[in-house]
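Note that the numbering runs from 1 along the sequence shown for the chain. What you see is a predicted model, and the numbers here were worked out from it, not measured in a lab.
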Amino acid sequence: YSVFEEHKYDEYKLFHKTDSHWTEYGAYWGYHTLMTEVAKKFPDAAPLEIEGNLRVYTKEVESGDMMTYFGVPNHLVPETATFVEWLIDCPNRIDYYKPNRCENENSEISKDRVVKNPNAKDKNLPRVMFIRDSYSFSIHSFVNQSFSTVYWNYTWDYQFRKSEIKKADVDYLVYLISEKNMRSILY
């Protein structure tokens with residue numbers, strides 16, 4: 001919360017106005033916070049800084065999932081949304097937005113459940129498993145660059161499968177879910 005409070009009035013939005021997810025800029029700060037903590041044990045996993053690695057920009061697009069839920073055609077409600085362009089090699093980058101919208105598309109994210117980082121050579125990077133909901137989409141490309149191997153549980157499958165976790169031999173297990181889905185893991 002403190003990181004989001006710190007960046008609340010930045011030039012770029014942390015959350016979309018017409019979509020229920022954080023922007024790529026908001027996801028970047030979630031990633032930065034996670035990797036700052038991970039880097040205490042694995043210094044090579046320090047988060048990428050924006051300067052020289054990413055370009056944050058805004059673009060007018062059609063509205064996100066909130067309009068879809070309300071049954072309002074997305075093109076009727078434009079939004080000036082915040083996005084990130086990668087300025088460096090990002091081999092595991094996935095475009096997950098629907099064309100000309102700030103709404104997530106799930107199909108590309110669910111294809112590769114195990115992502116190996118080709119840039120991990122000669123680095124001491126940890127392995128991680130994410131149990132997640134759609135909030136993971138925006139952070140996906142960031143964390144794929146900072147871990148040696150990322151195991152992505154199927155979206156909205158919150159099962160804690162001890163045998164899978166043990167088999168993956170991960171250093172970290174991360175639950176990345178929005179508050180609205182907390183009941184799914186607590187009960």
Side-chain angles (χ1 to χ4, degrees), residues 1-35 47 50 54-86 90 92-115 128-146 150-160 173-187:
Y1 289 110
S2 62
V3 172
F4 275 66
E5 193 64 35
E6 180 182 336
H7 294 281
K8 184 177 184 177
Y9 298 108
D10 285 2
E11 176 183 355
Y12 300 104
K13 294 184 290 187
L14 298 170
F15 293 91
H16 296 290
K17 288 184 177 182
T18 63
D19 193 90
S20 61
H21 299 90
W22 51 9
T23 65
E24 288 179 301
Y25 183 68
Y28 169 80
W29 287 111
Y31 151 81
H32 193 278
T33 303
L34 172 66
M35 298 318 296
I50 291 175
L54 307 165
R55 181 179 75 86
V56 183
Y57 67 96
T58 58
K59 176 182 171 184
E60 187 163 303
V61 294
E62 294 178 3
S63 62
D65 66 358
M66 286 193 273
M67 296 305 108
T68 302
Y69 298 143
F70 293 143
V72 176
N74 296 79
H75 70 277
L76 294 179
V77 185
E79 177 177 344
T80 302
T82 300
F83 299 97
V84 167
E85 174 188 4
W86 285 81
C90 183
N92 297 315
R93 170 105 171 86
I94 292 179
D95 292 320
Y96 53 87
Y97 282 112
K98 291 183 179 181
N100 199 39
R101 285 196 198 162
C102 60
E103 184 174 0
N104 293 333
E105 171 61 60
N106 184 28
S107 62
E108 290 300 311
I109 294 291
S110 294
K111 283 183 181 176
D112 295 320
R113 292 199 47 227
V114 179
V115 177
V128 66
M129 180 178 287
F130 277 89
I131 297 176
R132 67 205 173 109
D133 64 15
S134 56
Y135 255 72
S136 68
F137 298 178
S138 303
I139 205 170
H140 193 273
S141 295
F142 295 118
V143 298
N144 283 343
Q145 307 315 307
S146 296
V150 182
Y151 294 88
W152 293 101
N153 214 33
Y154 285 115
T155 311
W156 300 289
D157 177 359
Y158 308 118
Q159 296 295 313
F160 184 90
L173 174 66
V174 177
Y175 270 86
L176 180 57
I177 61 172
S178 67
E179 290 177 9
K180 70 180 182 180
N181 292 323
M182 288 295 286
R183 288 191 331 205
S184 299
I185 65 168
L186 295 176
Y187 302 103

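- Between F142 and L54 there is a side-chain heavy-atom pair separated by less than 4.5 Å.
- Using a 4.5 Å heavy-atom cutoff, the side chains of F4 and T33 are not in contact.
- Shortest non-hydrogen contact noted between K17 and M66 is O-CE, 3.1 Å.
- The CG atom of D133 sits 12.0 Å away from the CG atom of D157 when rounded to the nearest 0.5 Å.
- The residues E103 and K98 are annotated as salt-bridged, a charged nitrogen and a carboxylate oxygen being separated by less than 4.0 angstrom.
- In terms of heavy atoms, S141 sits closest to I94 at OG-N, 3.3 Å.
- Atom CD of E62 and atom CD of E79 lie 11.5 Å apart (nearest 0.5 Å).
- Residue E85 qualifies as enclosed at atom CD: its count of foreign heavy atoms under 6.0 Å is above 12.
- With rounding to the nearest 0.5 angstrom, the OG atom of S136 is 6.0 Å from the CG atom of L176.
- A donor-acceptor pair under 3.5 Å links the side-chain atoms of D19 to the main chain of H21, judged by distance alone.
- Summarising the geometry of R101 relative to F83, their closest heavy-atom pair is O-CZ, 4.1 Å, with the distance given to 0.1 Å.
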List the steps and the verdict of salt bridge (charged side-chain N to carboxylate O under 4.0 Å, His left out) for K59 and E24.
CA-CA 13 Å; K59 176 182 171 184; E24 288 179 301; over 6 Å; no

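- Between Q159 and I131, the shortest heavy-atom distance links the atoms O-CD1, 3.7 Å.
- Residues Y97 and H16 come closest through the heavy atom pair OH-NE2, 3.3 Å.
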Show the numbers, then the answer: is there a side-chain contact (heavy atoms from CB on, under 4.5 Å) between N153 and R113?
CA-CA 7 Å; N153 214 33; R113 292 199 47 227; 3.6 Å; yes

Worked verdict on F137 versus R132 for side-chain contact (heavy atoms from CB on, under 4.5 Å)
CA-CA 9 Å; F137 298 178; R132 67 205 173 109; 4.1 Å; yes

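- No donor-acceptor pair under 3.5 Å is formed between the side chain of N181 and the backbone N or O of W156.
- Annotation for Y175 and Y158: closest pair OH-O, 3.4 Å, computed over non-hydrogen atoms.
- Annotation: side chain of T23 is not in contact with side chain of Y12 (no heavy-atom distance under 4.5 Å).
- For T18 (side chain) and G64 (main-chain N/O), a donor-acceptor pair under 3.5 Å exists by modelled atom type.
- Listed for the K13 side chain is no donor-acceptor partner under 3.5 Å among the backbone atoms of T58.
- Residues L173 and Y151 fail the side-chain proximity criterion, which asks for heavy atoms closer than 4.5 Å.
- For the pair I177 and I185, the minimum side-chain heavy-atom distance is below 4.5 Å.
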Where do S146 and Y31 land on the side-chain hydrogen bond (donor to acceptor under 3.5 Å, both in side chains) test, with the steps shown first?
CA-CA 9 Å; S146 296; Y31 151 81; 2.9 Å; yes

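- Annotation: side chain of H140 is in contact with side chain of W152 (closest heavy-atom distance under 4.5 Å).
- Between the side chain of Y25 and the backbone N or O of V56, no donor-acceptor pair lies under 3.5 Å.
- Within the 3.5 Å criterion, the main-chain N or O of C90 finds no donor-acceptor partner in the side chain of Q145.
- A distance-only check finds a donor-acceptor pair linking the side chain of S63 to the backbone of N74 [under 3.5 Å].
- Note: Y135 and W22 have tilted aromatic rings, judged against thresholds of 30 and 60 degrees for the angle between ring planes.
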